[in-house]
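Working notes, structure below.
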Amino acid sequence: MIDIKYIRENPETVRASQRGRGEDPSIVDQVLAADEARRNAIVEFEALRAEQNIFSKSVGAAKGDERAALLESGKSLSADVKAADTRRAEADTKSQELTLLLSNLLDPSAPIGGEADFVVLEHVGTPRDFSQDGFKPKDHVELGKLLGAIDTERGAKVSGARFYYLTGVGALLEFALVNYAISSAVKAGFIPMITPVLVKPPAMEGTGFLGQAAENVFALEKDDFYLVGTSEVPLAAFHMDEILDGEKLPLRYAGYSTCFRREAGTYGKDTRGIIRVHQFDKVEMFVFCKPEDAVAEHQRILQWEKDFISAMDIPFRVIDVASGDLGSSATRKFDCEAWIPTQGTYREVTSTSNCTEFQARRLNIRMKDGQSTKPVATLNGTLVAIPRMIVAILENHQNADGTVNVPASLRPFLGMTRFELV
RNA sequence: GGUGGCGUGUCCGAGCGGCCGAAGGAGCGCGCCUCGAAAGCGCGUGUUGGGGAAACUCAACCGUGGGUUCAAAUCCCACCGCCACCGCCA
């Protein structure tokens with residue numbers, strides 16, 4: 001949510017931001033109109049209520065006949081107050097609903113455009129030249145089968161398309177990745193967390209996933225729960241309705257959870273393998289910090305992401321995601337994309353967003369800063385999303401015979417240096 | 001799933017129709033005392049929104065949402081959460 005005061009004072013900036021995202025700028029004017037109506041309704045209600053408060057006190061003080069007479073006249077006042085209260089509540093709801101439709105303000109340095117208009121910020125490492133090694137790389141599905149690591153057929157049999165089993169060394173690899181991720185996060189000062197994956201509507205709404213992203217959210221309608229698509233949701237909502245001590249910021253959490261995604265509108269995209277699946281595990285970084293520190297913190301999170309991928313010895317690049325592809329909460333987003341040999345391209349493995357105060361306002365998370373109380377900034381970033389990292393590791397570190405070398409950083413966690421054929 | 005109890009300010013805890021934004025205590029802040037500190041004493045100490053240069057003032061907030069009433073922390077209903085005991089269970 002954008003601060004309504006800010007919208008009032010800078011409507012043109014907000015309109016421009018909406019346009020930059022390819023969203024409707026006229027919502028801004030609807031928001032302003034609704035806000036005006038809301039404020040008028042409040043003034044009206046408060047005036048009546050003040051009158052009634054004075055009246056009620058006089059009744060309390062009166063005795064006998066005088067009191068009985070007063071009681072009669074109080075009834076119509078009471079009805080007026082009630083009506084004004086109803087109007088106030090309606091105007092408030094309307095204004096709230098409209099304000100929630102607005103996406104976060106755009107960082108002016110974010111590239112403008114759609115999914116394809118990202119800017120490449122840097123390349124790290126060099127894609128391996130398999131012709132030098134004298135063999136054609138196998139894709140992760142094939143390698144997964146040879147190593148007994150991934151079973152997509154049985155995943156489909158049991159749960160349908162985009163489901164899979166991690167088996168044997170595949171399962172071990174997940175545990176190693178998670179352990180490596182959590183232990184390095186703890187070293188960096190993060191508080192490790194295991195979060196709920198079912199959340200109630202306010203948590204989902206507050207993090208901004210029920211807007212344009214709603215079609216990708218699994219819902220348990222019978223029980224009024226949503227399945228989270230990322231632990232960003234329960235981590236952000238962890239401090240919902242709280243006032244944090246400014247001295248204790250930044251608060252950094254590393255959450256491990258399963259993630260569920262409907263992947264609506266991706267029919268025919270990445271249907272092979274485990275690049276795009278309905279369920280996977282992920283370690284997510286989430287930070288609450290002072291608004292003025294958010295940009296620097298965003299860079300820190302990006303650095304932790306780069307460190308992780310580098311530790312896996314995977315070549316990757318960093319992109320500055322374009323305005324139309326940010327999601328409603330982010331003011332700016334950087335993705336790290338790993339080189340996938342059999343696709344001959346870079347694919348997103350991690351992503352970090354600066355949500356400024358957008359989520360904090362929706363979730364009512366504030367900080368004490370000296371005398372004043374104001375919303376905090378929130379940021380999130382992937383430390384490791386398991387399936388995509390497994391894809392990158394298997395494909396990049398494979399040998400001609402189908403065995404796969406284990407990256408040095410993972411060896412202590414796996415107790416092996418190579419995945420052998422089964 | 002059953003039964004009983006409970007949700008009040010930073011915390012503990014009283015209030016159970018009007019004089020209650022709310023006693024008392026702890027904590028915290030300021031001052032006195034002291035070489036300094038503790039103890040002691042005095043004063044102060046919630047949030048949000050509106051008006052005002054300010055003093056100040058108006059409205060809302062006692063788990064959440066409804067209802068009754070001229071008037072609700074207080075009565076009624078529903079929901080949520082917590083605690084205890086019983087049953088069941090990873």
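Residue numbers start from 1 in every chain, and the chains themselves are labelled A, B, ... in the order their sequence lines are given, proteins ahead of strands.
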Exercise for review: Rounded off to whole Å, could you give me the CZ-to-P distance for the A/Arg366 and B/U47 pair?
Suggested key: 10 Å

**Study point:** P atoms of B/G44 and B/G24, separation to the nearest Å
**Key:** 11 Å

Practice item. Take the protein atom CG of A/Asp85 and the nucleotide atom C1' of B/C61, then report the distance between them rounded to whole Å. Key: 13 Å

Review point. Is the side chain of A/Tyr164 donor-acceptor paired with the backbone N or O of A/Gln279 at a distance under 3.5 Å, no angle test?
Key: yes

Point to revise | Distance test, side-chain N/O of A/Ser78 to OP1/OP2 of B/U69, below 4.0 Å | key: no

Check your understanding: CD of A/Glu44 versus C1' of B/C58: gap in Å, rounded?
Key -> 16 Å

**Study point:** Distance, rounded to the nearest Å, where A/Arg38 contributes CZ and B/A60 contributes P
**Key:** 16 Å

Practice item. Quote, to the nearest angstrom, the C1' distance that separates B/U8 from B/U47. Key: 15 Å

Review point. Quantified in whole Å, what is the P atom distance between nucleotide B/G4 and nucleotide B/A90?
Key: 28 Å

Check your understanding: Rounded to the nearest 0.5 Å, how far apart are CD of A/Glu395 and OG1 of A/Thr342?
Key -> 3.5 Å

Check your understanding: Which base sits across from B/A59 as a Watson-Crick or G-U pair, both distances under 3.5 Å?
Key -> B/U48

Practice item. Check whether any side-chain N or O of A/Arg332 sits under 3.5 Å from a backbone N or O of A/Asn354 as a donor-acceptor pair, and report yes or no. Key: no

Review point. In whole angstroms, how far is the P atom of B/G63 from the CE atom of A/Met240?
Key: 18 Å

Point to revise | Integer angstrom distance from the P of B/A73 to that of B/A22 | key: 12 Å

Study note, to complete from the structure: Between NZ of A/Lys82 and C1' of B/U69 the distance, given in whole Å, is 8 Å

**Study point:** Identified pairing partner of B/C19, criterion: Watson-Crick or G-U wobble below 3.5 Å
**Key:** none

Study note, to complete from the structure: Heavy-atom nearest nucleotide on RNA chain B taken for A/Arg39 and for A/Ala47; more 5' hit belongs to A/Arg39

Practice item. Would you please indicate if the ring centroids of A/Phe419 and A/His397 are separated by under 6.0 Å? Key: no

Check your understanding: Considering every strand shown, what is the Watson-Crick or G-U wobble mate of B/C43 when both distances are under 3.5 Å?
Key -> B/G29

Point to revise | B/G66 versus B/C12 - spacing of their P atoms, nearest Å | key: 27 Å

Point to revise | A/Arg49 side chain near B/C58 phosphate (N/O to OP1/OP2, under 4.0 Å) | key: no

Review point. Below 4.0 angstrom from OP1 or OP2 of B/U48, is there any side-chain N or O of A/Lys5?
Key: no

Check your understanding: If the C1' atom of B/G52 is compared with that of B/A59, how far apart are they to the nearest Å?
Key -> 16 Å

Study note, to complete from the structure: Ranking B/C70, B/A59, B/U48 by distance to the side chain of A/Gln52, first place goes to B/C70

Review point. Between A/Asp281, A/Val283, A/Ile274, which is the residue that forms a side-chain contact (heavy atoms from CB on, under 4.5 Å) with A/Ile386?
Key: A/Asp281

Practice item. Would you kindly give the NZ-to-C1' distance between A/Lys374 and B/U48, to the nearest whole Å? Key: 17 Å

**Study point:** Interatomic distance at P, B/U69 relative to B/G87, whole Å
**Key:** 47 Å

Check your understanding: Can a donor-acceptor pair be found between the side chains of A/Gln303 and A/Arg300 at a distance below 3.5 Å?
Key -> no

Exercise for review: Nearest whole angstrom, please: distance from the C1' of B/G17 to the NZ of A/Lys57.
Suggested key: 15 Å

Exercise for review: For B/A38 and B/U64, measure between their P atoms and round to the nearest Å.
Suggested key: 39 Å

Exercise for review: Please give the nucleotide sitting opposite B/A38 as a Watson-Crick or G-U wobble pair, both distances under 3.5 Å, or none.
Suggested key: none

**Study point:** N-O pairing of A/Lys282 and A/Glu232 below 4.0 Å
**Key:** no

Point to revise | Nearest listed nucleotide, side chain of A/Lys200, among B/C80, B/A59, B/C70 | key: B/C80

Exercise for review: Please determine, for B/G1, whether a Watson-Crick or G-U wobble partner exists with both distances under 3.5 Å, and give it or none.
Suggested key: B/C86

Review point. B/A60, B/C70, B/C58: which one has an atom nearest the side-chain heavy atoms of A/Ala50?
Key: B/C58

**Study point:** Under-4.0 Å side-chain N/O to phosphate OP1/OP2 contact, A/Asn53 with B/A59
**Key:** yes

Check your understanding: Of A/Ser56 and A/Lys75, whose closest RNA chain B nucleotide lies nearer the 5' terminus?
Key -> A/Ser56

